[in-house]
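The chains referred to below are lettered A, B, ... by the order of the sequence lines, with proteins before strands, and numbering in each begins at 1.
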Protein chains: 2
Amino acid sequence: MGASTPRPGVPVRGSESGRPVMAALDLLGRRWTMRILWELSQAPAGFRELQRRCERMSSSVLSTRVEELTGARLLTLDGDGYRLTQLGRDLVESLSPLAAWSQRWAEEMGPATAGGPE
Amino acid sequence: MGASTPRPGVPVRGSESGRPVMAALDLLGRRWTMRILWELSQAPAGFRELQRRCERMSSSVLSTRVEELTGARLLTLDGDGYRLTQLGRDLVESLSPLAAWSQRWAEEMGPATAGGPE
DNA sequence: CATAGTGATTCGGAAATCGAAGCAGGAGGT
DNA sequence: ACCTCCTGCTTCGATTTCCGAATCACTATG
């Protein structure tokens, strides 16, 4: 399988520079990645429970994502299932302003799009 | 074209809840989306210049992303090209802790993965 | 042996992405 | 008018990613 875990300092998909933030954007910009981190920040979970929490996402992709995130040292697997490392918790915490922003976004978008979807 | 812009309050790919943060994660979790916002936060750019800055990403996807982000009120197109709206600037700002985190990530990963890829 | 749980893989089909080429329109020059 | 160069943007076949049901290997329990 061709999936490689983005690493800071190594050129990644869409970035030849290898700048850490670009590697992060590459890693996070993959389907389900942020959702997985988000869910695990709520509580650790086993493979199947994690799959359930993520709207029953496909196990093949979950397996790939888990491998990537483990390789990026954001996840570990122990007796209780998958859990965030300290680095992973820090990442989710750095993402937390996004939740506040999305609230304002909702307030801005809600009234303006009341007309209907497209 | 089947692309629909995620909106807070509307169930999106990978989320039946429609919670704003899930809509945001869906929108941002698409290839090139965060990169485009990141680049435009540096300076406004026209279509082709934006494409150049994003490692010559495919024009078809750029067109789709630009449409999504415009629909989400994060982008506008004027005489100078594409630029972030206030909402878009706020989003990028809420993402800025990510840059700091990625630095620590790089420090943590660099030495630890000197052994080789995978 | 049977059952049930775990994490994880296989594989055919669907969807997203890629990328080179081209379209339509505007500005400037001759 | 015509040609050239720029713009934002579309088309379409090829490639990559993602999906999802079935399945594997392993462990534990009975």
Side-chain angles (χ1 to χ4, degrees), chain A residues 1-6 11-16 22 25-37 39-40 43-72 74-84 118, chain B residues 1-6 11-16 22 25-37 39-40 43-72 74-84 118:
Chain A
M1 70 146 228
S4 67
T5 302
V12 290
R13 179 187 68 184
S15 175
E16 296 169 351
M22 292 303 166
L25 291 178
D26 182 38
L27 179 62
L28 297 177
R30 296 178 179 182
R31 217 164 188 172
W32 294 112
T33 300
M34 286 192 289
R35 176 65 178 268
I36 289 170
L37 293 171
E39 292 295 338
L40 286 181
F47 188 92
R48 286 163 197 257
E49 183 190 343
L50 185 54
Q51 185 181 12
R52 259 175 258 127
R53 282 206 224 153
C54 293
E55 318 286 338
R56 305 180 192 285
M57 67 171 289
S58 80
S59 56
S60 50
V61 177
L62 177 55
S63 182
T64 302
R65 291 292 104 90
V66 150
E67 183 184 1
E68 291 167 355
L69 292 173
T70 302
L74 306 181
L75 250 60
T76 55
L77 175 61
D78 61 16
D80 295 332
Y82 294 99
R83 66 173 64 249
L84 295 181
E118 253 57 26
Chain B
M1 78 125 211
S4 69
T5 301
V12 290
R13 178 188 71 182
S15 177
E16 295 169 354
M22 291 305 165
L25 290 179
D26 181 39
L27 178 62
L28 298 177
R30 297 179 179 182
R31 216 164 190 175
W32 297 110
T33 300
M34 287 192 290
R35 175 67 178 269
I36 289 169
L37 293 171
E39 292 295 337
L40 286 181
F47 189 92
R48 286 165 196 254
E49 183 190 343
L50 185 53
Q51 185 181 12
R52 260 176 257 128
R53 280 206 225 153
C54 293
E55 318 288 335
R56 307 180 189 283
M57 67 170 290
S58 80
S59 54
S60 49
V61 177
L62 176 55
S63 180
T64 302
R65 291 294 105 89
V66 150
E67 184 183 1
E68 291 167 356
L69 291 173
T70 301
L74 306 181
L75 249 59
T76 55
L77 174 61
D78 61 17
D80 295 332
Y82 295 98
R83 64 173 66 249
L84 295 182
E118 227 120 325

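Look at A/W32 and you'll find a side-chain N or O under 4.0 angstrom from OP1 or OP2 of D/dC19. Remark: A/R65 is in phosphate contact with D/dC18, judged by side-chain N or O atoms under 4.0 Å from OP1 or OP2. OP1 and OP2 of D/dC18 both lie 4.0 Å or more from every side-chain N or O belonging to A/S58. Regarding contacts with the backbone of D/dT10, a side-chain N or O of B/S63 is found under 4.0 angstrom from either OP1 or OP2.
Closest to the B/S59 side chain, of the nucleotides D/dA22, D/dC12, C/dA21, is C/dA21. Side-chain proximity of B/F47 to D/dG8, C/dG7, D/dC18: nearest is D/dG8. Here the side chain of B/R31 is nearest to one of C/dC18, C/dT10, D/dC18, namely C/dC18. Minimum atom distance to the side chain of A/R52 is reached by C/dT6, of the listed C/dT17, D/dG8, C/dT6.
Scanning both residues, A/L27 and A/A72, for their nearest heavy atoms gives CD2-CB, 4.0 Å.
Not one N or O on the side chain of A/R35 forms a donor-acceptor pair closer than 3.5 Å with the backbone of B/D26. For A/T70 (side chain) and A/V66 (main-chain N/O), a donor-acceptor pair under 3.5 Å exists by modelled atom type.
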Please report, to 0.1 Å, the donor-acceptor pairs under 3.5 Å made by any side chain of residues 43-51 of chain A, with sequence neighbours excluded.
from  : atom 1 : to    : atom 2 : distance (Å)
A/E49 : OE2    : A/R53 : NH2    : 3.2
A/Q51 : NE2    : A/M57 : O      : 3.0

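Computed from coordinates, the B/D78 CG to D/dT7 P distance equals 15 Å when rounded to whole Å. We find that CZ of B/R56 is positioned 13 Å from C1' of C/dA20, with the value rounded to whole Å.
Mapping B/R48 and B/M57 onto DNA chain C by nearest heavy atom places B/M57 closer to the 5' end of the strand.
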